[in-house]
Amino acid sequence: MNLKLYNSIAREKQDFQPIDPHNVTMYVCGPTVYNYVHIGNARPAVVFDTLYRVLRAIYPGVTYARNITDIDDKIINKSNDLSIDINKITNKFSDAYFEDMLALNTLEPDVIPYATQHIPDMIQMVETLVEKGHAYPADSQIEADKGNVLFSVPSMSKYGELSKRNLDEQEAGARVEVAGYKQYAGDFVLWKPSTEKEPGWDSPWGRGRPGWHLECSAMIKKHLGETIDIHGGGHDLIFPHHENEIAQSCCANDGKPLANFWMHNGFINIDGEKMSKSLGNFRLVRDLLQQYPGEVLRYVILSSHYRSEQNFSKDLLDSAWRTLDSLYGFIRGVAPIESLLNSSGDGFKALLDDLNTPVAISELYRLAKAVNQAKGDEQIALMQELKGLSDILGLLQQDPEQWFTLARGDNQLSAEQIEHYIQARQQAKQDKDFAKADQIRQQLLDSGVVLEDSREGTQWRRS
RNA sequence: GGCGCUGUAGCAAAGUGGUAAUGCAGUGGACUGCAACUCCGCCAUCGUCGGUUCGAUUCCGACCAGCGCCUCCA
């Protein structure tokens with residue numbers, strides 16, 4: 001029962017060995033809170049939440065940290081554009097983020113560090129890097145450039161290990177002009193000066209604010225230690241973000257690796273295209289939740305392997321909803337029961353194989369069917385196993401009855417109204433007035449209500 | 001130019017050197033007053049062309065098609 005994970009830095013699946021089995025450490029890059037998050041932001045949250053659940057099932061202790069970046073130029077710009085206090089923006093959108101993630105059935109991480117609450121830690125790390133010759137204050141005649149502190153990429157021989165990039169072979173400055181105060185084109189900012197109007201903190205280099213990459217390095221060190229077990233994030237963060245994190249942490253911590261395992265989820269595209277502002281095709285989690293239960297979004301995310309690209313579309317969401325309906329249908333009417341994870345079952349084994357959630361989900365289906373067919377003790381055992389697996393996946397977390405009867409969308413018939421119609425249809429059936437009975441059924445169907453007759457009576461569900 | 005990814009049934013998506021899980025949709029049948037639910041069954045030779053092999057979708061090469069990073073980005 002070994003957990004295998006694809007390690008981006010080794011570019012292969014490896015057996016996972018925690019540094020300390022009693023406290024497995026995982027850090028995942030969280031959002032910059034200047035807007036509602038889109039479905040792409042949700043993917044790492046759901047994926048690593050699932051990994052978190054798997055880890056907790058295996059190890060006695062797991063510490064999972066996911067940060068909130070609440071100081072950033074994008075936030076500052078938004079604050080300026082809207083003339084709203086920066087804290088109001090970050091508070092609003094971090095709260096919204098937690099709400100959205102909760103709707104996706106993600107567990108709260110053990111640690112949620114905010115960048116602005118770790119400024120001293122960051123300053124200290126920059127000082128260490130300067131002392132060790134890995135960073136330098138910008139030497140510039142231009143007033144606005146003074147106060148920048150840069151990481152010296154050439155000072156780190158292993159730079160580029162994660163992304164397998166040789167900076168000399170990159171088209172430096174091909175898309176962005178290289179700032180004149182950089183000693184080397186690939187050097188990146190650790191600390192940047194703030195104007196009077198911008199938020200800033202006093203530092204040995206004047207009033208300023210941290211560079212993005214620095215935040216994660218400092219917060220990881222503070223909360224999880226110098227070397228952690230797993231560091232996760234989106235595929236696009238490999239370069240430069242994670243590469244730079246490695247450079248900062250490794251150089252500040254006497255060459256110790258930042259993370260033993262690097263994991264990256266693939267992108268979510270919309271109808272075949274990358275989400276971008278220019279295309280205007282962002283899908284906000286918040287908006288999607290107006291139309292779909294959070295579990296449907298989670299199901300879609302888990303229905304493909306986390307490393308592959310995923311194409312979001314309405315069809316995908318609708319079909320996922322039908323699938324979940326089917327799954328819930330199997331367990332509807334089965335008494336609620338305690339979950340019991342079968343750690344040697346095929347579903348959990350699939351998860352141990354680099355988080356193969358599609359296979360685990362297929363096992364969910366197999367179990368649900370079996371539950372539906374079994375009776376007595378066998379059914380109870382299967383139901384426990386099903387629950388155990390679905391708890392790890394964070395799916396089927398609702399009461400089936402509620403799943404089918406809660407309103408889906410606006411202007412829906414109330415449960416009372418539906419019951420009323422069912423009574424009327426029952427009467428019509430008893431009177432052998434099938435035309436009327438069918439008419440009522442069709443009427444309900446048109447309102448999104450499906451009737452299911454059985455010997456015990458008529459059951460209804462929304463579709 | 002550098003680094004890297006993908007191409008499996010209508011759609012979605014696993015997987016393996018020995019003729020391809022699963023779900024949605026479709027379809028034939030059982031059940032039903034008729035349906036729905038459920039149950040039984042059907043529905044792909046894995047981008048193209050070569051190579052290695054007794055045998056390749058799975059390994060290697062070329063090609064075609066799509067895509068990502070190299071700037072902020074999940």
Side-chain angles (χ1 to χ4, degrees), chain A residues 8 11 28-32 37-48 72-74 77 160 162-178 186 188 212 232-241 243 264-269 272-277 299-313 315-327 329-330 332-333 346 350 353 356-366 368-369 372-373 429 432-435 437-438 441-442 444-445 449-455 458-461 463:
Chain A
S8 299
R11 301 201 170 178
V28 174
C29 292
T32 299
V37 295
H38 55 69
I39 190 67
N41 294 293
R43 194 174 192 189
V46 168
V47 163
F48 291 104
D72 180 271
D73 286 3
K74 288 193 290 286
N77 291 339
L162 175 66
S163 56
K164 305 286 186 288
R165 279 163 206 271
N166 180 337
L167 276 189
D168 295 333
E169 291 170 2
Q170 306 288 308
E171 288 184 32
R175 300 171 72 179
V176 156
E177 196 181 340
V178 177
F188 57 90
W212 176 41
H235 187 253
D236 56 317
L237 296 182
I238 291 176
F239 191 91
H241 186 51
E243 196 69 76
H264 296 96
N265 61 273
F267 258 51
I268 285 179
N269 297 320
E273 289 180 302
K274 181 179 171 176
M275 276 187 275
S276 71
K277 281 182 185 139
Y299 180 92
V300 168
I301 288 171
L302 294 180
S303 69
S304 70
H305 188 83
Y306 76 91
R307 275 191 283 121
S308 59
E309 271 189 10
Q310 184 171 38
N311 191 34
F312 242 66
S313 67
D315 284 352
L316 189 63
L317 288 159
D318 290 342
S319 128
W321 200 343
R322 281 195 296 270
T323 299
L324 277 176
D325 274 350
S326 164
L327 241 19
F330 281 117
R332 189 180 193 182
D346 289 342
D353 182 16
N356 194 334
T357 50
V359 168
I361 285 175
S362 74
E363 180 67 5
L364 213 52
Y365 210 87
R366 193 190 66 74
K369 278 182 128 163
N372 181 247
Q373 287 177 59
K429 280 174 73 176
K432 301 284 183 199
D433 186 354
F434 294 119
D438 289 351
R441 186 174 63 200
Q442 186 59 44
L444 285 170
L445 191 60
V449 176
V450 179
L451 300 188
E452 293 171 6
D453 291 340
S454 72
R455 281 177 194 163
T458 299
Q459 189 171 248
W460 63 275
R461 65 182 166 87
S463 70

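Chain A is the first sequence line, chain B the second, and so forth, proteins listed ahead of strands; every chain is numbered from 1.
- Between A:Tyr306 and A:Thr357, the closest side-chain pair of non-hydrogen atoms is not below 4.5 Å.
- Two residues, A:Phe434 and A:Arg307, neighbour RNA chain B, and the one matched to the more 5' nucleotide by heavy-atom proximity is A:Arg307.
- RNA chain B contains the following stems of three or more consecutive Watson-Crick or G-U pairs, with both distances under 3.5 Å: B:1-7 with B:64-70, B:10-12 with B:22-24, B:26-30 with B:38-42, B:47-51 with B:59-63.
- Side-chain nitrogen and oxygen atoms of A:Arg322 include at least one within less than 4.0 Å of the OP1 or OP2 phosphate oxygen of B:A25.
- Annotation: B:C54 and B:C49 have their P atoms spaced 23 Å apart (nearest Å).
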*A:Ser304/A:Arg43 under side-chain contact (heavy atoms from CB on, under 4.5 Å): CA gap, chis, key distance, verdict*: CA-CA 11 Å; A:Ser304 70; A:Arg43 194 174 192 189; 3.5 Å; yes
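- At a threshold of 4.0 angstrom between heavy atoms, the contacts of A:Leu451 include nucleobase atoms, whether or not backbone atoms are also involved.
- Residue A:Gly233 is classed as a sugar-phosphate contact, given heavy-atom separations below 4.0 Å to backbone atoms only.
- Using atom C1' as the reference point in both B:U57 and B:U48, the two lie 14 Å apart (nearest Å).
- Among the heavy atoms of the strands lying under 4.0 Å from A:Asn372 are primed sugar atoms or P, OP1, OP2 only; no base atom is included.
- Rounded to whole Å, atom C1' of B:G15 lies 16 Å from atom CD1 of A:Ile361.
- A straight line from CZ of A:Phe239 to P of B:C69 spans 13 Å, rounded to a whole angstrom.
- Residue A:Thr323 places its side chain closer to B:C24 than to any other of B:C3, B:C24, B:A74.
- The nearest whole Å value for the distance from the NE2 atom in A:His264 to the C1' atom in B:C5 is 14 Å.
- Between the side chain of A:Arg441 and the base of B:A35, at least one donor-acceptor pair of N or O atoms lies under 3.5 Å.
- Of the possible donor and acceptor atoms, none in the side chain of A:Asn372 sits under 3.5 Å from a partner among the backbone N and O of A:Ala368.
- Nearest nucleotide to the side chain of A:Asp236, out of B:C37, B:A13, B:C69: B:C69.
- B:A14 and B:A21 are spaced 6 Å apart, taking the C1' atom of each and rounding to whole Å.
- Along RNA chain B, the nucleotide closest to A:Ser163 and the one closest to A:Glu363 are compared, and the more 5′ of them pairs with A:Ser163.
- An OP1 or OP2 oxygen of B:G23 is reached within less than 4.0 angstrom by a side-chain nitrogen or oxygen of A:Lys369.
- A:Lys74 contributes atom NZ, which lies 9.0 Å from atom CG of A:Asn77 (distance to the nearest 0.5 angstrom).
- Here the side chain of A:Glu243 pairs a donor or acceptor atom with the backbone of A:Leu162 at under 3.5 angstrom.
- Taking the P atom of each, B:A62 and B:G1 are spaced 15 Å apart, rounded to whole Å.
- Using a 4.5 Å heavy-atom threshold, the side chains of A:Leu316 and A:Asn311 count as separate.
- The side chain of A:Ser319 lies closest to B:G23, out of B:C39, B:A36, B:G23.
- With both ends at atom P, the span from B:A56 to B:C24 equals 34 Å, rounded to whole Å.
- At whole-Å resolution of the value, CZ in A:Arg332 and P in B:U38 are 12 Å apart.
- Taking side-chain N and O atoms only, A:Ser308 has no distance below 4.0 Å to OP1 or OP2 of B:G7.
- Salt-bridge check for A:Lys429 with A:Asp453: passed, with a basic side-chain N closer than 4.0 Å to an acidic carboxylate O.
- Scanning atom types as modelled, one donor and one acceptor separated by under 3.5 angstrom connect the side chain of A:Asp438 and the base of B:G33.
- Using atom C1' as the reference point in both B:A9 and B:G4, the two lie 29 Å apart (nearest Å).
- In the set B:A14, B:C37, B:C39, B:C39 carries the atom at the smallest distance from any side-chain atom of A:Phe330.
- Each of B:A12, B:C3, B:A74 was ranked by its minimum atom distance to the side chain of A:Leu316; first place goes to B:A12.
- As a whole-Å value, the separation of A:Lys74 NZ from B:A74 C1' is 11 Å.
- Phosphate proximity of B:A74 to A:Tyr306: absent, as no side-chain N or O sits under 4.0 Å from OP1 or OP2.
- Note: CG (A:Asp453) to C1' (B:U38) measures 13 Å, nearest angstrom.
- The shortest side-chain heavy-atom distance between A:Leu444 and A:Arg441 does not fall under the 4.5 Å cut-off.
- Residue A:Lys429 contributes atom NZ, which lies 8 Å from atom C1' of B:G33 at whole-angstrom precision.
- Contact annotation: A:Ser362 side-chain N/O to B:A13 OP1/OP2 distance is not under 4.0 Å.
- Under the stacking definition used here (centres under 5.5 Å, planes under 30°), the residue A:Phe267 fails to qualify as stacked on the base of B:G68.
- Checking B:C70, B:A36, B:C67 against the side-chain heavy atoms of A:Arg165 singles out B:C70 as nearest.
- Candidate nucleotides B:A74, B:A14, B:U38 were compared by shortest atom distance to the side chain of A:Ser326, and B:U38 ranks first.
- Under a cut-off of 6.0 angstrom, the local environment of NE2 in A:His235 is sparse, with at most 12 non-hydrogen atoms contributed by other residues, nucleotides or ligands.
- Nucleic acid contact for A:Gly234: sugar-phosphate only, since backbone atoms but no base atoms lie under 4.0 Å from a heavy atom of the residue.
- Using a 4.0 Å heavy-atom criterion, one finds that A:Ile268 contacts the bases of the nucleic acid, with or without backbone contacts as well.
- Counting any heavy atom pair closer than 4.0 Å across all strands shown, A:Arg461 reaches sugar-phosphate atoms only and no base atom.
- When the options A:Val300, A:Asn269, A:Ile39 are evaluated for a side-chain contact (heavy atoms from CB on, under 4.5 Å) with A:Gln310, the one that passes is A:Val300.
- The P atoms of B:C5 and B:C59 are separated by 13 Å, rounded to the nearest whole Å.
- In this structure the side chain of A:Tyr299 reaches within 4.5 angstrom of the side chain of A:Thr323, judged on heavy atoms.
- Between B:G4 and A:Arg11, a contact under 4.0 Å exists linking OP1 or OP2 to a side-chain N or O.
- A:His305 places its NE2 atom 14 Å from the P atom of B:C5, with the value rounded to the nearest Å.
- B:U22 sits 15 Å from B:C43 when the C1' atoms are compared, rounded to a whole Å.
- Residue A:Asn269 has no polar side-chain atom (N or O) positioned under 4.0 Å from OP1 or OP2 of B:C67.
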